[in-house]
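Written out below as structure tokens is the structure these notes cover.
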There are 2 protein chains.
Amino acid sequence: MESLLSSIKINVGSHLYIKDPESSDLGQNIISHSIELINELGIEKFNFNKLGKYIQSNESSIYRYFENKYKLLQYLSAMYWGIIEYRLVIETNAIEDNNTKLLKAIKILTLEPKNIDSYSDYNQLKLRDIIIDEFTKSYHHKDVDNDNDEGNFKIYKRLILRLVEMIKNVNPEYKYPKALSCHIVEGVLQQYYIQRHFKSLSDHKTENQVYNFFEDTITKVLNPK
Amino acid sequence: MESLLSSIKINVGSHLYIKDPESSDLGQNIISHSIELINELGIEKFNFNKLGKYIQSNESSIYRYFENKYKLLQYLSAMYWGIIEYRLVIETNAIEDNNTKLLKAIKILTLEPKNIDSYSDYNQLKLRDIIIDEFTKSYHHKDVDNDNDEGNFKIYKRLILRLVEMIKNVNPEYKYPKALSCHIVEGVLQQYYIQRHFKSLSDHKTENQVYNFFEDTITKVLNPK
DNA sequence: CCAATATAAAAGTATTACTATTATAAAATG
DNA sequence: CATTTTATAATAGTAATACTTTTATATTGG
């Protein structure tokens, strides 16, 4: 089947790049290979010099696309959340029952993406790993308010607000829909990171445990009885 | 009243420093002023050169205490979690009822510390802000497994496991005590960060909202009925 | 008072995160 | 097809950072 997202472009916000990387071969190369290299080195040890050598291009050419590596990380993050948001909308669209709908959303947020190719040209599993490892650093810094004003996190925030709506539909009386929504989206990343690195703090080391934990929490929090 | 913690030393783990900063004036100066300066600049723009000038000492002298600024951040984090753990133990000690005890623990984790002086010589509010802003970066990097093996996060993990025990005491049947415990401790920091920087994702911008959200969650999750 | 140790001052090195310059190649336009 | 614009590559350069090393000067303890 033809890829949907590879033809539909996710608008990540123009403040994230200097030149649109989707507009050229080099740009697309920068994206796909930065996913590989950031995944391998981590954002701290990754730099544009190394990326240039890796794609047999030049450091200064990469600087014509992205201001610096943290903007590139924000761009990759926006891509990731864009894909998740897109899946959230189309894969829950047909579901009538609000509760089932919310649980489907939690599945999309927690479980490893299957059918990878139908959503993106890039390596989605590695992109997801980058988000688990590095996303927190894309907004934990002193420029966060500027970056936010420029709209660099707007897809992420919109995704959280979509989840807020789903939460409200399940229980309109619930008092903390935004807190819960943020808590889930960030919590998923954190649970995976803990599973991988702090094993003594993890109940069961499976993918399903992460989903089950959030299903249990949400069900009890929203449907008290 | 005489300070308790200023006489009782928190053992943060010897891999965090080269020379124990509590053992000299310069060391204590490094701690207290790094709290000020990291708070002001953020960990990325902070460095030992600037700290040296700030305390009218020398860059190379600071390197005799700490390997690098990230080890210092881990040291400050261990200090913070050490104070919280200490409070968790002594302030909940006398409480009989398991549920009340857990809620008191949540209060200690969420609310701004009062009676600051009785727990530490250092500026606890600024230290807490550093933790909210920077703690995530102290373990989100490629050396995390080494640092963990060296015991650099042991106080943090012990704190989480203490909370796990409290959770189990409230409901021994509950399936995800570790996930919940991590989720609370990290979630508190995250809720404050969101309140400060992503206002559109925050339900109410008060300190109590953070506590109330966690109280509501825990009560429903652990006492379903 | 001497010896050990801690700190300060200064200089040096390797790396990083860019910027600038020029050259060359590819693409667009007339 | 020729020309102008634009994209990329190669190279070099700069300022800052994250340390390390060396030497000098205090401070402290026996």
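Letters A, B, ... mirror the listed sequences (proteins, then strands); counts begin at 1. Excluded from the calculations below are hydrogen atoms, water molecules and symmetry mates; all remaining heavy atoms, backbone and side chain alike, are included.
The separation between B/Glu44 atom CD and C/dT16 atom C1' is 15 Å, rounded to whole Å. Atoms NZ (A/Lys45) and P (C/dA17) sit 13 Å apart, rounded to a whole Å. Rounding to whole angstrom units, OH of residue A/Tyr63 and P of C/dT16 are separated by 11 Å.
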Summary of protein contacts for nucleotides 5-15 of chain C, nucleotide by nucleotide, where a base hit scores B, a sugar-phosphate-only hit scores S (4.0 Å, heavy atoms): -SBBBB-----
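Annotation for B/Arg64: atom CZ does not count as buried by contact number, only 12 or fewer foreign heavy atoms lying within 6.0 Å.
When ring centroids are compared, A/Phe214 and B/His183 come within the 6.0 Å threshold.
A nucleotide of DNA chain D counts as in contact with chain A when one of its atoms lies under 4.0 Å from a heavy atom; the first and last such, 5' to 3', are D/dA7 to D/dT11.
Taking the six-membered ring where the residue is Trp, A/Tyr63 and A/Phe48 present perpendicular rings, their angle passing 60° and hence far from 30°. The aromatic rings of A/Tyr193 and A/Phe198 are tilted relative to each other, their planes meeting at an angle between 30° and 60°. In this structure, A/Tyr139 and A/Phe135 have tilted ring planes: the angle between them lies in the 30° to 60° band.
No donor-acceptor contact under 3.5 angstrom links the side chains of B/His140 and A/Asp133, judged on distance only. Counted by atom type alone, A/Thr110 and A/Tyr192 present zero donor-acceptor pairs between their side chains at under 3.5 Å. Counted by atom type alone, B/Asn148 and B/Lys157 present one or more donor-acceptor pairs between their side chains at under 3.5 Å.
At a threshold of 4.0 angstrom between heavy atoms, the contacts of B/Asn49 with the nucleic acid are absent.
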